[in-house]
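The next block holds one structure in the form of structure tokens; read it before the comments.
This one's a predicted model, so the numbers in the text were calculated from it and none came from an experiment.
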Amino acid sequence: MRELIFQEYVSLDGYAAGPGDDLSFFDSVADQADNDNLDLLETVDTMLLGATTYRLFVEFWPTATDEVIAPHLNRLRKVVVSSTLDSAPWGDWEPGEIVTDPVAAVTALKAEDGKNIILWGSITLFHTLLMAGLVDEIQLRVCPVLLGGGKPVFPTQDSPQQLTFLEATPWATNGTLLRYKPS
């Protein structure tokens, strides 16, 4: 069965975005993270995005010819969870498919034949899928910065959720990749 891998840049104090949804904190590690993603992209064939992350990605990736991962990322099947979008064009590449029920859509995607599914960003969608037990791996790209506030990576919950440690990989100049499996 295909697995759903969630990957997110995160500050050391657990935020996926700073105040005002600022994402500039991860610029210092993006190049190092791209090298890891080249290997990861060999194991996935579908990209799952929420509407907000889709809007951010589509403004950059379809025309990002200087980015090492762009050709690999652009070739992926795109599935966009949205109740407001009518279509999900992707430049000259195959457009994305719109789905409205994330739990049903991911359950169906995981049952299909193929490689794994990557979920980038899309924090609200991640929270929904994590609480539904559909996330198979959590990859945190930890940036050496304390934001002090912003959008937390993990949902607020009533009881702790155990994770199984898989790997920690430090990068050459700063930052660390942490991998966990929800228990």
Side-chain angles (χ1 to χ4, degrees), residues 2-11 15-100 102 105-106 109 112 114-129 135 137-145 147 150-151 153 169 171-177 179:
R2 302 166 81 184
E3 291 194 344
L4 175 64
I5 301 166
F6 168 70
Q7 185 184 94
E8 181 61 57
Y9 288 97
V10 60
S11 66
Y15 295 100
D21 287 333
D22 180 30
L23 302 174
S24 64
F25 71 93
F26 65 75
D27 289 344
S28 66
V29 299
D31 289 343
Q32 295 172 74
D34 283 350
N35 291 329
D36 287 345
N37 270 337
L38 285 174
D39 292 335
L40 173 71
L41 286 167
E42 294 298 320
T43 69
V44 300
D45 63 8
T46 303
M47 175 175 29
L48 179 67
L49 300 170
T52 300
T53 303
Y54 161 76
R55 287 181 186 103
L56 289 171
F57 273 38
V58 77
E59 290 296 317
F60 180 75
W61 287 109
T63 59
T65 56
D66 293 341
E67 298 292 328
V68 67
I69 67 168
H72 306 281
L73 183 149
N74 288 323
R75 279 193 290 268
L76 296 175
R77 173 184 177 192
K78 290 115 187 128
V79 178
V80 181
V81 178
S82 177
S83 59
T84 58
L85 294 172
D86 294 325
S87 64
W90 198 266
D92 294 334
W93 301 88
E94 187 75 25
E97 168 190 350
I98 302 289
V99 298
T100 56
V106 169
L109 284 170
E112 293 176 359
K115 295 181 178 182
N116 292 330
I117 305 156
I118 185 74
L119 171 61
W120 274 310
S122 309
I123 297 301
T124 303
L125 177 57
F126 166 61
H127 291 178
T128 299
L129 298 173
V135 176
E137 184 175 330
I138 298 168
Q139 293 188 3
L140 302 176
R141 297 176 174 283
V142 182
C143 303
V145 61
L147 297 177
K151 184 183 290 185
V153 171
T169 305
W171 291 321
T173 58
N174 58 21
T176 304
L177 168 65
R179 295 178 51 229

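With respect to the salt-bridge test (charged N to carboxylate O, under 4.0 angstrom), the residues Arg179 and Glu137 qualify. Salt-bridge annotation for Asp45 and Arg2: present, with a side-chain N of the basic residue lying under 4.0 Å from a carboxylate O of the acidic one. Between Arg77 and Glu112 there is a salt bridge, since at least one side-chain N of the basic residue sits less than 4.0 Å from a carboxylate O of the acidic one.
In this structure, Trp90 and Val58 have side chains that are in contact, with non-hydrogen atoms separated by less than 4.5 Å. Leu76 places none of its side-chain heavy atoms less than 4.5 Å from the side chain of Thr46. Between Glu97 and Val80 the shortest side-chain heavy-atom distance does not fall below 4.5 Å. Contact annotation: the side chain of Ile118 never approaches that of Leu48 to less than 4.5 Å [non-hydrogen atoms, C-beta and beyond]. Side chains of Leu140 and Leu177 form no contact here, defined as non-hydrogen atoms less than 4.5 Å apart. Put simply, the side chain of Leu73 does not reach to within 4.5 Å of the side chain of Glu67, judged on heavy atoms. Residues Trp93 and Arg75 have side chains in contact (heavy-atom distance under 4.5 Å, counting atoms from C-beta outward). Looking only at side-chain heavy atoms (C-beta outward), Leu4 and Asn116 stay at 4.5 Å or farther from each other.
Atom CG in Leu49 sits 9.0 Å away from atom NZ in Lys78 (nearest 0.5 Å).
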Can you give the donor-acceptor pairs under 3.5 Å from side chains of residues 122-129 to other protein atoms, not counting sequence neighbours?
{"unit_1": "Ser122", "atom_1": "OG", "unit_2": "Gly50", "atom_2": "N", "d": "2.8"}
{"unit_1": "Ser122", "atom_1": "OG", "unit_2": "Thr53", "atom_2": "OG1", "d": "3.2"}
{"unit_1": "Ser122", "atom_1": "OG", "unit_2": "Trp120", "atom_2": "O", "d": "3.0"}
{"unit_1": "His127", "atom_1": "NE2", "unit_2": "Val153", "atom_2": "O", "d": "2.8"}
{"unit_1": "Thr128", "atom_1": "OG1", "unit_2": "Thr124", "atom_2": "O", "d": "3.2"}

Please report the C-alpha distance between Asn74 and Glu94 in whole Å, then the side-chain angles of each, then the deciding distance to 0.1 Å, and finally whether the side chain to side chain donor-acceptor pair (under 3.5 Å) criterion is met.
-> CA-CA 8 Å; Asn74 288 323; Glu94 187 75 25; over 6 Å; no
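Taking each heavy atom of Ala16 and Leu23 in turn, the nearest pair found is O-CD2, 3.5 Å.
In terms of modelled atom types and a separation under 3.5 Å, the side chain of Ser87 and the main chain of Pro89 share no donor-acceptor contact.
Legend: salt bridge (Lys or Arg N to Asp or Glu O under 4.0 Å) pairs involving residues 15-24, not counting sequence neighbours, sorted by first then second residue: Asp21-Lys151.
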